[in-house]
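Comments concern the structure below.
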Amino acid sequence: MSAVRRVLRTLFSVVLTFLGLTMVTFFIGRVIPIDPVLAIVGPKASVETYARVRAEIGLDLPLPVQYWRYLTRVLHGDFGTSVITSQPVLQDMLNVFPATLELALLALFIGVALGVPLGVVSATQRGRWPDHLIRLVSLFGYSMPVFWLGLVGLLLFYAKLGWVAGPGRIDVGYEDLVPTVTGLLTVDALLDGNRDVFINAVQHLVLPASILGYLSLAYIARMTRSFMLGQLRQEYILAALAKGLRPARVVWVHALGNAWVQLITVIALTFGSLLEGAVLTETVFSWPGLGLYMKNSLFNADLNAVLGGTMLVGFVYILLNLVSDLLYPLVDPRARSRA
Amino acid sequence: MTAPPLLTVRNLRVTYPAAQGDIHAVRNVSFTLARERLGIVGESGSGKSTLGRAIMGLVPRPGRVAADELRLGAIDLRNLGESGFRRLRGRRIAMVLQDPKFALNPVMSVGHQIAETHRAHVRGSARAARRAALEMLHAVRIRDPERVFGLYPHQVSGGMGQRVMIAMMLIADPEVLIADEPTSALDATVQTQVLAILDELVRGRGMGLILISHNLPLVASFCDRVLVMYSGRVVETCGAGALRQARHPYTRGLLASLPELDHRRDVLPQLQRDPAWAEGA
Amino acid sequence: MSGAGLRAWLLDPVPASRRQARIGRWYRAALAFGGNGLAMAGLLIVLALVLIAIAAPLIADPQAATLQSLTDRLQPASWAHPFGTDELGRDIFARTVFGARITLTIVALVGLIVVPVGLGIGLPAGYFGGAVDAVLMRLTDIFLAFPRLVLALAFAAALGPGIVNAVVAIALTTWPPYARLARAETMTRRDAEFVQAAVLQGASRASILFRQILPLCLPSVVIRLTLDMAGIIITAAGLGFLGLGAQPPAPEWGAMVASGRQVLLDQWWVATIPGIAIFITSVGFNLFGDGLRDVADARGA
């Protein structure tokens, strides 16, 4: 496949998925709800008011026209106004998203930094006790409801042991002490050189990030193990051993080097599921991110905000797919020469 | 020949435990290898590849290797352990595998893979390893070593891939090379080329070569001596020139089923097998 | 027939009839599965869950599950309340036992939606190929690219909370992999000789799809479903935790954890016990599914 065709194909699929995403949110927002007009005008409005408002928000138009309008608005970054905050939803989301990102990035780091080595060890020790132990740890991880693990974690490490700080992103006394640059509180505190804020932020971050990190570790370790078992059966492993390389080098350089090709997709998927898991984790930890924002909107019937959040997470999903496509050539020379 | 053999094998056995009783992949095989080219022929499943791997200490778990005598020069290979074997592999004894498409690491450049063997056995800088790898690429008659050094396995042809494989296995100067079906995955025209390079290097460096193949004529024309294996056992040993006078019914059967240019046969003879051969009758 | 004779009949490498061959194949699979300790543990957990759900009224007092008794609020474990009581004085043991019914209902309903939808899209896509395949698979890819919990959340938000809506929301984001699986299985069998034989006999396309190909796709679809069960249970519990699943006073495990959150620090058992129930159930399904897959892989290899 030529480079041009490859790029076109990827773009085509990105555009199509994006259209699908907007169609679904449009469908959820405009077709399913009982009566959006009624929600605005209230049950006591006259028939005339009702009809006027209905026309104003374009509900008298045919569905395709309504969708087209919706799509144009979305493409201009207009997700409507939040009922709770009276601010544009996009503005709200930009405010809260960095908190989610900070949590998800640290969790992903924990998941990859521990999950990949554990998966490798599990595969090379197949059938022996380290393998059994790692598989058990990982089985528990993907069998555990994250919200429950969060609560148990709070109970143990915050309430009983006092090792970490409680819910929230930072203690009240430290709020707004450092200027917002990246939106990632720990990074901003470092940039500002404020040690106290940094330490306090880390104390808040470490438990929710570890819990999300454990869940991604479980999945990444499981997939790494299965990819590594596949690679260790290959002929080039035999050749590498016949050359007289150390087994450690054969495993960590040769086999893992090939397993990375498959792991990239897994890591992208994990990052996506971390953003999702944030809805539950942020609820448990009162973490002021996108998940908590969506959850609060949900209970205040703020459909614009909920759908905006859905769209944002969906959009990040599409981006992740794109990024993992673009990263392939870095680890796989076969993809390089195809591109 | 008065020089001590490079490799001595006496009553080598390889067993895999299985639910229905042990599977004997190699049964009491004995031979010695001097500075010569020894061919091992047999059908697939005859244990010839397992034999090669057993000598390299590369029989995977849960397979077991046992022998009354297994020596590389003066070194006893039987209780060597993994780290002892590692120092010998590549340095004193190496192995060329069948298909470079699978036997070369797809995400590492071929030059890097050759230099890696050098670095595993010879102290020195990365630059020295690179220089040695380029010389080795030249030695396997690759015209533009600098360019080929940076190529990845999927970018080289089968014949070139196999030459890379040979370079990778010979760069640390081993004295014994086991070539396991080194040309079976290649086009017929490339086969002779690769064999010629292999021959030149093995002779030039005074090495012992074990050529494992299912291809009887190839082994007969290329090697000095031939072992014929059937069901894990050596059923015949003879000089390559004397193959036509082979006595064992299995060898005769193999010879008889070869196509011949000078006269047509209407019925292809069927290879007869007798379970008693496996028991050493 | 003696025990040994039956065993020999079952394991006969040269079965005398189709029936014997089929039963023997199942027997060998069962033997392989039974030899896997963890898989058997998973099966036991799943069976226990089903039994508890069916026999719930015999195990615990049905009224105790919803009966509020403010004088008995937040009691620790005792003989009368083995798992203690919650913030409304309800017996947590009874609620946990009856919660098994809700969990199994959700899982079963999701399975009942997802399998037919997945097959309905995957079979024609794999069998007809071409434009049909392209359209159906694009659709599948779009849904596959969606964030699962978030989409379920949006659906639940639009449809209103409730167990049926939670099921629909989960099903909507679960079916795509089934369509892909069914498509792949169909494509490998589309040109098989027994299919060509059926074509020569004049079988219609529908009959080939339903009678020849569908039965062969079912095993892998069922295994996939078993592997997904734990994920479905956890997602459902998550929706319940957010208040989007079964509505109070129904004893849904996720909602029970949520209600225990307020009293977590002093009465830890209120939130912890239902969480353990979710955890054990999903471990059971994961082990069971892994075991089934191993048996299937070994048979395919």
Side-chain angles (χ1 to χ4, degrees), chain A residues 13-14 16-21 23-25 27-29 31-34 132 135-136 139-140 142-149 151-152 154-155 158-160 272-273 275-277 279-280 283-284 290-291 294-295 297-299 301-303 306-307 309-314 316-318 320-321, chain C residues 38 42 138-139 141-161 165 169 172 230-231 233-244 253-254 256-258 260-261 264-266 268 271-272 274-287 290:
Chain A
S13 119
V14 165
L16 213 61
T17 316
F18 180 74
L19 287 181
L21 178 70
M23 271 183 218
V24 171
T25 48
F27 185 75
I28 298 175
V31 185
I32 297 180
I34 303 73
H132 294 310
R135 290 178 76 185
L136 199 69
L139 168 73
F140 281 5
Y142 53 79
S143 302
M144 203 90 78
V146 61
F147 54 91
W148 179 70
L149 190 61
L151 287 177
V152 173
L154 271 179
L155 182 65
Y158 165 60
K160 298 277 187 241
S273 71
L275 292 180
E276 286 195 81
V279 178
L280 292 164
T283 303
V284 171
L290 183 67
M294 285 182 73
K295 194 238 168 190
S297 311
L298 199 65
F299 284 93
D302 193 348
L303 204 54
V306 174
L307 293 180
T310 309
M311 191 96 78
L312 179 62
V313 177
V316 174
Y317 255 59
I318 297 175
L320 284 172
N321 276 324
Chain C
L38 285 176
R138 272 291 131 203
L139 185 74
D141 281 350
I142 289 173
F143 272 89
L144 205 58
F146 278 168
R148 180 172 176 182
L149 184 75
V150 170
L151 196 65
L153 207 82
F155 263 98
L159 293 165
N165 292 348
L172 257 171
I233 289 169
I234 289 180
T235 310
L239 288 176
F241 177 77
L242 292 172
L244 296 170
W253 291 341
M256 286 167 72
V257 174
R261 217 186 130 198
L264 179 71
L265 299 188
D266 301 308
W268 55 268
T272 311
I276 293 174
I278 302 169
F279 173 61
I280 292 177
T281 308
S282 96
V283 165
F285 273 110
N286 272 327
L287 290 176
D290 278 350

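Reminder, nothing fancy here: chain letters follow the sequence lines and each chain counts from 1. Every value quoted in this text rests on a predicted model; they were computed, and no experiment measured them.
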- Value for CG (A/Leu19) from CZ (C/Arg138), rounded to nearest 0.5 Å, stands at 12.0 Å

- Item | Interatomic spacing from CG in C/Asp141 to OG1 in A/Thr17 - rounded to 0.5 Å | 7.0 Å

- Minimum heavy-atom distance A/Leu307-C/Ala154, with the two atoms named: CD2-CB, 4.2 Å

- Message: Only pairs of heavy atoms separated by less than 4.5 Å count here; which of A/Val316, A/Val306, A/Leu298 has the most with chain C?
- Response: A/Leu298

- Can you name the nearest heavy-atom pair linking A/Lys295 to C/Leu242, along with the distance? CG-CD2, 3.6 Å

- Query: Hey, does C/Phe241 have a side-chain heavy atom less than 4.5 Å from the side chain of A/Val284?
  - Reply: yes

- Message: Report which part of A/Ser13 has an atom under 4.5 Å of a heavy atom belonging to chain C: side chain, backbone, both, or neither.
- Response: both

- Note on the structure: Interface check, chain C: of A/Val152, A/Leu16, A/Val279, most non-hydrogen pairs under 4.5 Å belong to A/Leu16

- Full working for side chain to side chain contact (heavy atoms under 4.5 Å, CB included) between A/Trp148 and C/Ile276: CA-CA 9 Å; A/Trp148 179 70; C/Ile276 293 174; 3.5 Å; yes

- Task: Answer yes or no: is there a side-chain heavy-atom contact under 4.5 Å between C/Ile278 and A/Phe147?
- Result: yes

- If you tally heavy-atom pairs under 4.5 Å between each of C/Gly238, C/Ala230, C/Gly231 and chain A, the highest tally belongs to C/Gly238

- Query: Should the heavy atoms of other residues, nucleotides or ligands under 6.0 Å from CZ of C/Phe279 be counted, would the total exceed 12?
  - Reply: yes

- Query: Are any non-hydrogen side-chain atoms of A/Tyr142 and C/Asn286 less than 4.5 angstrom apart?
  - Reply: yes

- Query: So which of A/Ile318, A/Leu155, A/Val146 has the biggest tally of heavy-atom pairs under 4.5 Å with chain C?
  - Reply: A/Leu155

- Roughly how far, to the nearest 0.5 Å, is the CG atom of C/Leu153 from the CG atom of A/Leu280? 8.5 Å

